[in-house]
Protein chains: 2
Amino acid sequence: MLSFVEENYLKAIYHLSEAGKRSVNTNSLAEEMKTAPASVSDMIKRLSEKKMVDYQKYRGVNVSGKGKIKALHVIRQHRIWKVFLVEKLNFQWDQLDEVAEQLEHIKSPLLIQRLDEFLGFPKFDPHGDPIPDENGQLIEKRKDPITQLPVGTAGIVVGVNGSSASFLKYLDKVGISIGTRLQIVDRMEFDGSVDVTIDGKKTITISPTVAENILLSEA
Amino acid sequence: MLSFVEENYLKAIYHLSEAGKRSVNTNSLAEEMKTAPASVSDMIKRLSEKKMVDYQKYRGVNVSGKGKIKALHVIRQHRIWKVFLVEKLNFQWDQLDEVAEQLEHIKSPLLIQRLDEFLGFPKFDPHGDPIPDENGQLIEKRKDPITQLPVGTAGIVVGVNGSSASFLKYLDKVGISIGTRLQIVDRMEFDGSVDVTIDGKKTITISPTVAENILLSEA
DNA sequence: AATTTTTATTAGACTAATCTAAATACTATA
DNA sequence: TATAGTATTTAGATTAGTCTAATAAAAATT
Ligand SMILES: [Mn+2]
Ligand SMILES: [Mn+2]
Ligand SMILES: [Mn+2]
Ligand SMILES: [Mn+2]
């Protein structure tokens, strides 16, 4: 059984390696975990002994087969808890992570199974990220920033880049959240501002920066 | 901030001291915590330095003012989570504690406040134990085993003694759970068996042992 | 190709939480 | 009230996870 700390490292390695595609160097992991590089070296050695990561000194680290499954398991729990916090307890987006970081480590297969059921087997979390199934399978869905879609396109908001409190507050104010349907009705040539219709009702103009950070998925 | 382990010790001291009424000796605490007495001595010293317990060597330990509030805070979270597990996720009574022991340590005042609200501000947990409020205030309610109540009495099931799986299964089968209304309609002199009416509907006979372990509170 | 800079690992120390074994204090009983 | 027995504390070790400082390897620059 892995400790909370080991689970957090494994998750960080998984994310930094972009789902296992490339290996992760010690310093970036140290930055991510907010620890000293020396601590990372120690921990990698331990995870390596437990066959959770593939590691060669000075060559970087990556999740092993076992480690990837474990990481996806933690990610699954993290995202399911987020759905719960938003859907049932009305949490704001910026209050989610602190709590989900703790809840993701609760050890009880029954708990997460029942919670998943209680929430109606959600496929995406409130940030639009896909929830792995019990076996670690991910349904990947195309997510494009509004800036990269042509005028006329309609889609569902499935995520946002970044999570600054002020940005999220702005989205709340104009009535955009995960699940909102947006249609791109115009794009201004001179600065890239975009007119979008929200849920078929009102139309607003968003700045290019905002457009760049809202992710749509084919409706 | 206290660690999980410190919180568990504090809760155990609170319980074993019967809410702070008498001091607790090292061995009983060691038994409760399933650790060596030496480990208990170490931990007590630490909690004492943090002013969470009152302690004099060889004289036993008890919760301090601060410690009692902290213990009640953890107990509050434990019991609120139990309500959630039973009411929302349909957990069985015997599956509760393992998970609630973990969930009670999640650090987020907002989480427990919202959860409490989501559950409709419950006053008792599924075992019939009262839930302390945010300030650690407890509403104590008389709980009497059926054996000690006269024929004619009606009341709500607010708890059970013990929690053997087979006993709980029996209660499920006959349709008795927390919140069920029972009326005592007869008591057999020769063996103490009791006839009770369940929720005003059917009447069944329960053995003296069962009667002894079901706790009623004035309706 | 040699040198400098960056990155990563080891050395050694610290705290929390645990253990076993040894020492000490309290309690009960003769 | 001395002694035996029990309860409790201390001594000393261990493991997880962390740190700083020192060393070593790899990469980048001259
Ligand atoms: Mn976490
Ligand atoms: Mn010690
Ligand atoms: Mn606990
Ligand atoms: Mn080391």
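Below, chains carry the letters A, B, ... as their sequence lines are ordered, and counting in each starts from 1. Just so we're clear, the structure is a prediction, and the values are computed from it rather than from any experiment.
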Check the angle between the aromatic planes of A:Trp81 and A:Phe84 and answer parallel, tilted or perpendicular using the 30° and 60° thresholds.
perpendicular
So, is B:Arg46 close to the C:dA16 phosphate, meaning a side-chain N or O under 4.0 Å from OP1 or OP2?
no
When you measure from the side-chain N and O atoms of A:Ser41 to the phosphate of C:dT10, is any distance below 4.0 Å, counting only OP1 and OP2?
no
Those residues at least two apart in sequence (or on a different chain) that pass side-chain hydrogen bond (donor to acceptor under 3.5 Å, both in side chains) with A:Asn62 are A:Ser17
Taking for A:Val5 and for B:Lys45 the nucleotide of DNA chain D with the nearest heavy atom, the one nearer the 5' end belongs to B:Lys45
Out of C:dC26, D:dT10, C:dA17, whichever nucleotide has its closest atom nearest the side chain of B:Tyr58
C:dC26
Does B:Lys57 place a side-chain N or O at less than 4.0 Å from the phosphate oxygens OP1/OP2 of C:dT24?
no
Out of D:dT9, C:dC19, C:dA17, which has the shortest distance to the side chain of B:Ala36?
C:dC19
Out of D:dT10, D:dT8, D:dG17, which has the shortest distance to the side chain of B:Asn25?
D:dT8
Check: A:His78/A:Asp97 side-chain N/O donor and acceptor closer than 3.5 Å:
yes
Rounded interatomic separation in angstrom, taking CG from B:Leu29 and P from C:dT18:
11 Å
Does A:Tyr9 place a side-chain N or O at less than 4.0 Å from the phosphate oxygens OP1/OP2 of D:dT18?
yes
Tell me, please, which residues at least two apart from A:His105 pass ring pair (Phe, Tyr, Trp, His ring centres under 6.0 Å).
A:Phe4
Presence of A:Ser39 side-chain N/O under 4.0 Å of D:dC19 phosphate oxygens OP1/OP2:
yes
Is the shortest side-chain N/O distance from B:Thr26 to OP1 or OP2 of D:dT9 below 4.0 Å?
yes
Whole Å only: how far is the CG atom of B:Leu2 from the C1' atom of C:dT15?
16 Å
Whole angstrom value for the distance that separates C1' of D:dA16 from CG of A:Leu10
17 Å
Regarding A:Lys82 and the six-membered ring of A:Phe124, is the cationic atom NZ or CZ under 6.0 Å from the ring centre and inside 45° of its axis?
no
Could you state the CD-P distance from A:Gln56 to D:dA24, rounded to the nearest angstrom?
21 Å
In whole angstroms, the gap separating C1' of C:dT9 from CE of A:Met43 amounts to 16 Å
Expressed in angstrom and rounded to an integer, what is the separation of A:Arg59 atom CZ from D:dA24 atom P?
19 Å
Nearest-Å distance, CG (B:Asn27) to C1' (C:dA25)?
14 Å
Distance, rounded to the nearest Å, where A:Asp42 contributes CG and C:dC14 contributes P
16 Å
